[in-house]
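Have a look at the structure below before the remarks.
Everything quoted here is computed from the prediction, not taken from an experiment.
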Amino acid sequence: MAEMGKGVTAGKLASNVQKTLTRAQEKVLQKLGKADETRDEIFEENVLNFNKQLTEGTKLQKDLRAYLSSVKAMHEASKKLSECLQDMYEPEWYGKDDINTLAENTDLLWTDFHQKLVDHALISMDTYLGQFPDIKTRISKRGRKLVDFDSARHHFESMKTGKKKDDVKIAKPVSLLEKAAPHWAQGKLQAHLVAQTNLLRNQAEDDLGKAQKVFEDINIDLQEELPSLWNSRVGFYVNTFQSIAGLEENFHKEMGKMSHQLTDVMTKLEDQHLSNPPSGRESSKEIGSAPMRDGSPVTNPETKAVNHAPTPSPSTTPVPAIPKSPSQAEKAQPSTDIAGTDSAVAASATSNSLPAVVTEPAATNGAVHDIASSEGGDMPPNFLFKVQALHDYGATDADELGLKGGETVLVIPFDNPDEQDDGWLMGVKEMDWLQNKTLKGKGVFPENFTRRL
């Protein structure tokens with residue numbers, strides 16, 4: 001017979017087809033209740049445990065791979081953050097070499113952590129799950145061999161129970177042959193039929209023995225392996241999570257040391273920056289920094305002294321009293337105290353060529369309105385005083401007034417005193433007022449960018 005394929009002949013193919021049909025027939029008879037089925041409750045319970053263990057292991061493997069992916073992603077993010085710090089870190093800053101060393105050590109630590117997780121957790125997880133496919137195949141094979149065993153058993157039992165029926169079937173044709181065959185041939189024919197029946201019964205018994213042996217060989221091995229595999233899961237889980245926990249502990253311990261070193265470098269960099277403040281133009285910018293409009297301005301006494309110090313007048317004419325600064329309006333004194341204080345300041349100003357610096361708390365813009373209203377009639381309504389910009393200031397909001405160094409601003413009170421923030425004044429540029437005689441160009445500006453004239 002020609003071969004049907006590599007290693008498969010037509011005879012073997014026919015045998016496999018016959019086995020498949022026999023198994024299908026046996027299963028149908030078992031489901032219909034016409035044939036009994038060999039059951040093993042202990043083995044069935046072991047199979048249920050096996051399927052549960054396989055499901056749990058597969059889920060653990062999937063989650064472990066996701067965890068490793070997250071570690072790798074965190075490694076990349078940490079590496080980019082370190083590279084960003086290295087790029088921003090200027091060479092003259094303290095600890096430039098330390099920053100580079102910490103970045104390298106951090107990268108090595110992440111790499112080592114990921115590799116150890118692969119070696120001690122993922123590989124052992126793959127090895128653990130690698131034994132399940134073979135066992136699952138053998139469980140399926142056992143099921144097929146069990147059906148073959150039941151089929152062979154039922155066939156042999158039918159041969160035994162059908163012996164009398166076979167004798168009746170044989171006797172009838174013998175009686176017919178007695179009429180046609182010679183007397184000496186009748187005995188030989190009967191003996192041949194009996195021998196054929198016995199041969200079929202012996203063949204059925206041999207088939208039963210072979211099916212039983214194949215089934216028992218597979219069944220005995222699985223009966224030993226399945227409980228052992230089920231009990232091994234606890235030890236595997238313990239070893240896996242102990243390894244992960246130990247690796248995480250060492251990793252975070254070493255990472256904590258590096259974080260502490262980075263903190264020390266940043267602390268010393270801050271000390272270096274504070275001990276060597278910027279000079280020249282940068283220093284003047286710090287003095288003229290704008291206050292925060294959401295509350296109290298962040299200024300120091302030196303800044304206030306610079307912003308509010310009056311300019312010496314070349315004339316010997318006594319300078320009128322200087323109104324109090326609006327930036328000191330948090331604790332305004334009663335109007336009677338303001339009047340007395342202003343009188344004292346005015347008296348002091350008449351005896352000196354330079355005006356005195358106001359150091360006591362000042363009233364709000366609205367409180368000094370009556371003092372400055374008599375300075376001139378060519379001023380905006382409710383004019384308070386003049387200031388000159390010391391630094392450029394770029395407006396950041398629509399209600400703010402942009403300034404250029406040297407410009408003169410006419411200060412006026414806020415329309416709603418409750419809207420005034422500490423350290424901010426309302427005013428209009430003198431040039432705009434003289435040209436347009438309108439307050440459309442008014443806006444707020446930081447007081448410490450100016451000095452009072």
Side-chain angles (χ1 to χ4, degrees), residues 284 287-288 290-291 297 299 303-329 332 338 341-343 345-346 348-350 352-395 399-415 417 420-453:
S284 65
I287 295 175
T299 58
T303 303
K304 292 183 178 181
V306 172
N307 291 340
H308 298 288
T311 304
S313 174
S315 172
T316 58
T317 306
V319 179
I322 301 175
K324 298 178 178 59
S325 171
S327 65
Q328 301 174 343
I338 294 174
T341 303
D342 292 342
S343 300
V345 174
S348 175
T350 57
N352 296 282
S353 61
L354 297 177
V357 178
V358 180
T359 58
E360 66 275 5
T364 61
N365 291 342
V368 298
H369 164 64
D370 55 342
I371 299 175
S373 60
S374 60
E375 288 192 3
D378 195 21
M379 293 296 176
N382 301 326
F383 165 73
L384 299 177
F385 53 86
K386 296 181 180 181
V387 295
Q388 186 179 37
L390 298 175
H391 314 284
D392 293 349
Y393 174 72
D399 63 337
E400 294 183 2
L401 183 65
L403 301 177
K404 296 291 184 181
E407 288 184 332
T408 302
V409 182
L410 306 178
V411 180
I412 59 177
F414 280 76
D415 296 336
Q420 182 178 2
D421 296 324
D422 292 339
W424 290 78
L425 299 175
M426 172 71 75
V428 62
K429 293 181 181 180
E430 184 178 30
M431 185 63 64
D432 292 344
W433 170 256
L434 294 176
Q435 292 178 355
N436 304 321
K437 297 297 182 179
T438 178
L439 296 178
K440 290 184 179 181
K442 69 177 181 179
V444 296
F445 58 91
E447 183 180 2
N448 58 354
F449 271 64
T450 64
R451 67 180 180 87
R452 187 179 301 192
L453 299 178

Can V409 and L401 be said to form a side-chain contact (heavy atoms from CB on, under 4.5 Å), step by step? CA-CA 10 Å; V409 182; L401 183 65; 4.1 Å; yes
Would you name the heavy atoms of M426 and F445 that are closest together and state the gap between them? C-CE2, 4.1 Å
With sequence neighbours left out, write down each residue that passes salt bridge (charged side-chain N to carboxylate O under 4.0 Å, His left out) with D415, or none if nothing qualifies. K442
At what distance, to the nearest 0.5 angstrom, does OG1 of T450 lie from CG of L425? 6.0 Å
To the nearest 0.5 Å, how far apart are CD in E407 and OH in Y393? 14.0 Å
Run the side-chain contact (heavy atoms from CB on, under 4.5 Å) check on K386 and M379 step by step: do they pass? CA-CA 10 Å; K386 296 181 180 181; M379 293 296 176; 3.4 Å; yes
Among V411, I412, L410, which residue satisfies the side-chain contact (heavy atoms from CB on, under 4.5 Å) criterion with L384? V411
To the nearest 0.5 Å, how far apart are CG in N436 and NZ in K429? 12.0 Å
What distance separates D432 CG from T408 OG1, expressed to the nearest 0.5 Å? 11.5 Å
Taking every heavy atom of G402 against every heavy atom of A395, the minimum-distance pair comes out as N-CB, 4.0 Å
Quick check for you: to the nearest 0.5 Å, what is the distance between D399 atom CG and W424 atom CH2? 8.5 Å
Any F414 side-chain heavy atom under 4.5 Å of V444 side chain: yes
What's the shortest heavy-atom distance between L439 and P380, and which atoms? CD2-CB, 3.8 Å
Taking all heavy atoms of G405 and all of D392, pick out the closest pair and write down the distance. N-OD1, 2.6 Å
With sequence neighbours left out, the residues meeting side chain to side chain donor-acceptor pair (under 3.5 Å) with K437 are D378
